[in-house]
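Here is the structure we will look at, set down as structure tokens.
Computed from a prediction, not measured in an experiment: that's the story for all the values here.
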Amino acid sequence: MLEIRDLHATVEGTEILKGINLTINPGEVHAIMGPNGAGKSTLSSVLAGRDGYEVTQGTITFEGQDLLEMDVEDRARAGMLMGFQYPVEIPGVKNIYLLKSALNAQREARGEEEIPSPEFMKLVKEKLEFMRMDTSFLQRAVNEGFSGGEKKRNEILQMLVLQPKLALLDEIDSGLDIDAMKTVSQGVNSLRSENRSILLVTHYQRILNHIEPDQVHVLIDGRIARSGDKQLALRVEDEGYEWIHQESAA
Ligand code: ADP
Ligand code: MG
Ligand code: MG
């Protein structure tokens, strides 16, 4: 699904990612953890194709295609969907409009007809209910005046409607109270399937009590210093990151 090889990237001339290697197979959920400033969001941004991040070395392939040759829209059409630490506000654009046009763009890329409105409404209402969101949500402008928890729910709602092949979620748990975290986790867990992959980027271990990753990677100073299963996340929760730092320096 996703293969990252020796990825180096700079932000404003400073090297932030210093040789990342990561392979995510279909059906797998991977978590990337790491201290503040390690480069987690930089990695997400590079995958998303955001401006301002320059890849200076290495490769990223998504389903066999060179991801670095694809623009943001190409990536979305190919089935890669991002939710973000600070989801953007789009003043004046209603949620429902964004969802529908994103879904239709995806269908168009697959050579399918636009989704009929009744079918779309049925789909969205079902997903809203699952995310415990009110239908009034659809008429609000994208993320405008949303609370932190509402933005996160909305991100997952988009994922549930668009059903990406690869879902990338950065700091999905930041600013969530315990109930919102459960709902968001349930949403993510319902996305799990044998042909979909999920990459969760998180500073904290706690979300991993709700979403069990197949692999956990600890990113320190622009490199994956250690990979393991969920036990690694638990050890990080107990002991922090310093031991990994020391072992990788030794
Ligand atoms: P994390 O998400 O792991 O906390 P980031 O990827 O956000 O880390 O940041 C990694 C490093 O890159 C930090 O030192 C940060 O200051 C720097 N950085 C990130 N984005 C920018 C930017 N737009 N301009 C300058 N420096 C940046
Ligand atoms: Mg940060
Ligand atoms: Mg970050």
Side-chain angles (χ1 to χ4, degrees), residues 1-7 9 17 19-34 38-49 58-68 70 74-85 106 130 152 155-173 181-220 222-237 244:
M1 178 76 69
L2 185 74
E3 186 150 4
I4 303 177
R5 285 285 159 262
D6 192 31
L7 180 70
L17 301 181
I20 304 270
N21 291 292
L22 180 65
T23 302
I24 304 182
N25 296 308
E28 292 178 349
V29 177
H30 288 233
I32 294 197
M33 305 182 70
K40 302 184 297 297
S41 295
T42 301
L43 177 60
S44 305
S45 298
V46 168
L47 290 170
T59 57
I60 308 177
T61 17
F62 176 61
E63 291 206 303
Q65 287 179 273
D66 181 355
L67 190 79
L68 297 173
M70 297 160 78
D74 290 340
R75 293 177 198 206
R77 274 191 288 267
M80 194 165 168
L81 193 66
M82 334 281 162
F84 273 111
Q85 192 171 351
Q106 202 182 54
F130 189 81
K152 296 295 169 180
E155 268 179 39
I156 309 299
L157 177 72
Q158 285 174 13
M159 301 260 169
L160 294 179
V161 170
L162 296 173
Q163 302 274 313
K165 290 179 191 161
L166 176 68
L168 174 62
L169 296 158
D170 192 357
E171 303 264 336
I172 152 178
D173 51 348
M181 184 148 72
K182 278 186 188 155
T183 307
V184 162
S185 302
Q186 276 164 13
V188 174
N189 283 328
S190 79
L191 280 170
R192 295 181 86 135
S193 89
E194 60 185 20
N195 41 31
R196 175 172 305 124
S197 308
I198 300 173
L199 182 59
L200 290 177
V201 177
T202 178
H203 185 66
Y204 296 106
Q205 187 275 336
R206 60 175 194 164
I207 188 93
L208 305 180
N209 291 329
H210 302 278
I211 305 167
E212 194 174 307
D214 298 299
Q215 285 191 48
V216 173
H217 311 279
V218 175
L219 186 66
I220 295 179
R223 291 185 186 89
I224 291 177
R226 196 152 182 129
S227 298
D229 59 14
K230 63 172 186 165
Q231 296 305 322
L232 175 59
L234 293 171
R235 189 165 171 201
V236 163
E237 176 164 74
I244 300 175

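By the 4.5 Å heavy-atom criterion applied to side chains, Leu219 and Ile20 are counted as neighbours.
Note on residues 222-236: pairs passing salt bridge (Lys or Arg N to Asp or Glu O under 4.0 Å), not counting sequence neighbours, are Glu212-Lys230, Arg226-Glu247, Arg235-Glu239. Pairs engaging residues 21-30 under the salt bridge (Lys or Arg N to Asp or Glu O under 4.0 Å) rule: none recorded [sequence neighbours left out].
The heavy-atom pair separating Val46 from Arg75 by the smallest distance is O-NH1, 3.0 Å. Pairing each heavy atom of Pro213 with each of Ile211, the nearest pair is CD-O, 3.2 Å. In terms of heavy-atom proximity, Leu169 sits nearest to Glu155 at CD2-OE1, 3.8 Å.
Distance check, rounded to the nearest 0.5 Å: CD1 of Ile198 to CG of Leu191 gives 5.0 Å. Rounding to the nearest 0.5 angstrom, the gap separating the CG atom in Leu7 from the OG1 atom in Thr59 is 8.0 Å. Met33 contributes atom CE, which lies 10.5 Å from atom OH of Tyr204 (distance to the nearest 0.5 angstrom). A distance of 11.0 Å separates CD in Gln215 from CG in Leu199, rounded to the nearest 0.5 Å. Rounded to the nearest 0.5 Å, atoms OG (Ser41) and CD (Glu171) are 5.5 Å apart. With values rounded to the nearest 0.5 angstrom, Ser190 atom OG is found 9.0 Å from Ile156 atom CD1.
In this structure, Ser197 has no side chain to side chain donor-acceptor pair (under 3.5 Å) partners at least two apart in sequence or on a different chain. With sequence neighbours excluded, the residues satisfying side-chain contact (heavy atoms from CB on, under 4.5 Å) with Gln158 are Leu98, Leu99, Asn154. Evaluation of the salt bridge (Lys or Arg N to Asp or Glu O under 4.0 Å) rule for Asp74 yields Arg77 as partners, not counting sequence neighbours. Here Ala76 pairs with nothing under the side-chain contact (heavy atoms from CB on, under 4.5 Å) rule; sequence neighbours left out. Residues forming a side chain to side chain donor-acceptor pair (under 3.5 Å) with Asn21 (at least two apart in sequence, or on another chain): none. By the ring pair (Phe, Tyr, Trp, His ring centres under 6.0 Å) test, His30 is found to be paired with His217, residues two or more places apart in sequence or in another chain being considered. Residues passing the side chain to side chain donor-acceptor pair (under 3.5 Å) test with Thr23 are Arg5, sequence neighbours excluded. Partners of Asp66 by side chain to side chain donor-acceptor pair (under 3.5 Å), not counting sequence neighbours: none found.
Formation of a donor-acceptor pair under 3.5 Å by the Lys40 side chain with backbone atoms of Asp170 is not found in this model.
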Please determine whether side-chain contact (heavy atoms from CB on, under 4.5 Å) holds for the pair Leu208 and Glu237, giving the CA-CA distance in whole Å, both sets of side-chain angles, and the decisive distance to 0.1 Å. CA-CA 11 Å; Leu208 305 180; Glu237 176 164 74; over 6 Å; no
Below 3.5 Å, can you tabulate the donor-acceptor pairs from side chains in residues 181-189 to any protein atom, sequence neighbours excluded?
{"unit_1": "Thr183", "atom_1": "OG1", "unit_2": "Asp179", "atom_2": "O", "d": "3.1"}
{"unit_1": "Ser185", "atom_1": "OG", "unit_2": "Met181", "atom_2": "O", "d": "2.7"}
{"unit_1": "Asn189", "atom_1": "ND2", "unit_2": "Ser185", "atom_2": "O", "d": "3.3"}
{"unit_1": "Asn189", "atom_1": "ND2", "unit_2": "His210", "atom_2": "O", "d": "2.9"}

Could you pull out all donor-acceptor pairs under 3.5 Å where a side-chain atom in residues 160-168 meets a protein atom, sequence neighbours excluded?
{"unit_1": "Gln163", "atom_1": "OE1", "unit_2": "Arg196", "atom_2": "NH2", "d": "2.9"}
{"unit_1": "Gln163", "atom_1": "NE2", "unit_2": "Leu160", "atom_2": "O", "d": "2.8"}
{"unit_1": "Lys165", "atom_1": "NZ", "unit_2": "Glu63", "atom_2": "OE1", "d": "2.9"}

